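Let me begin by presenting the structure, written as C-alpha cells, before commenting on it.
Being a predicted model, the structure only gives us computed values, none of them experimental.
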Amino acid sequence: MAESAERSGQRRVRPAPLIFEPAEATADPEHFFDLESIEDPRELLTRATELTLAFRAATDRAIEFQAIAAAQLADPRRFDRLTPADVAERAAWTEDYARKMIEFGQDLIRTGGRDPEE
C-alpha cells in the first residue's frame, strides 16, 4: 500500500519514530506517549500529528508484511501450504479477505515489494 505510493513517484513521508513507553506509564489509562503533559496546544497538535502519521505508517507496513506472510503460507510450492480458509482462521479474517491479502502479498513479492526472506 505505502510502497505503491513510492513506486508511483510520490515520496513517502517519514513520520517521527515511535518511542516505547515504560510499563509503569502504560499502566495509567490516561497516559499516552506523554501527550497529556503537553500544555501548549501548538506543541500538542504537532506531537499528536507526528504520532498519527507514525501509526499510519506502521499500520501500512504491518499490513504489507501480513500480506506477504499470507502469500508465503498459501504458496502452492510449499508442501505444507495453507488454504485461504486456514490463513483466514490464523489471522482472524474472513476467507474472502484472506484471498485478497494473499493476492496482495503475491503482488508485493512479484513487484519487488517487501520479502522478509531476502
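Between the side chain of Glu43 and the main chain of Glu39, no donor-acceptor pair closer than 3.5 Å is present.
Taking both residues in full, the closest heavy atoms of Ala88 and Thr94 are given as CB-O, 3.6 Å, listed atom of the first, atom of the second, then distance.
For the pair Trp93 and Gln66, the minimum side-chain heavy-atom distance is below 4.5 Å. Gln72 places a side-chain heavy atom less than 4.5 Å from the side chain of Ile109. The shortest side-chain heavy-atom distance between Met101 and Ile63 falls under the 4.5 Å cut-off.
Atom-to-atom distance recorded for Gln106:CD and Thr111:OG1 is 11.5 Å, nearest 0.5 angstrom. Note that CG of Asp40 and CZ of Arg47 are 14.5 Å apart. Values are rounded to the nearest 0.5 Å.
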Side chain to side chain contact (heavy atoms under 4.5 Å, CB included), that's the test. Do Ile38 and Glu36 meet it? Break it down for me. CA-CA 6 Å; Ile38 300 174; Glu36 69 286 345; over 6 Å; no

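In summary, Glu95 and Arg99 engage in a salt bridge, as defined by a charged side-chain N under 4.0 Å from a carboxylate O. Contact check on Lys100 versus Asp96 returns a salt bridge, with a Lys/Arg side-chain nitrogen under 4.0 Å from an Asp/Glu carboxylate oxygen.
Phe55 and Leu45 are members of different hydrophobic clusters when ILVMFWY side chains are connected at heavy-atom separations under 4.5 Å.
Not counting sequence neighbours, the partners of Arg81 by the side-chain contact (heavy atoms from CB on, under 4.5 Å) test are Pro76, Arg78.
No close placement of the Phe104 and Tyr97 rings is indicated, their centers lying 6.0 Å or farther apart.
Partner of Leu73 under the side-chain contact (heavy atoms from CB on, under 4.5 Å) criterion, chosen from Ile102, Thr83, Asp80, Leu82: Leu82.
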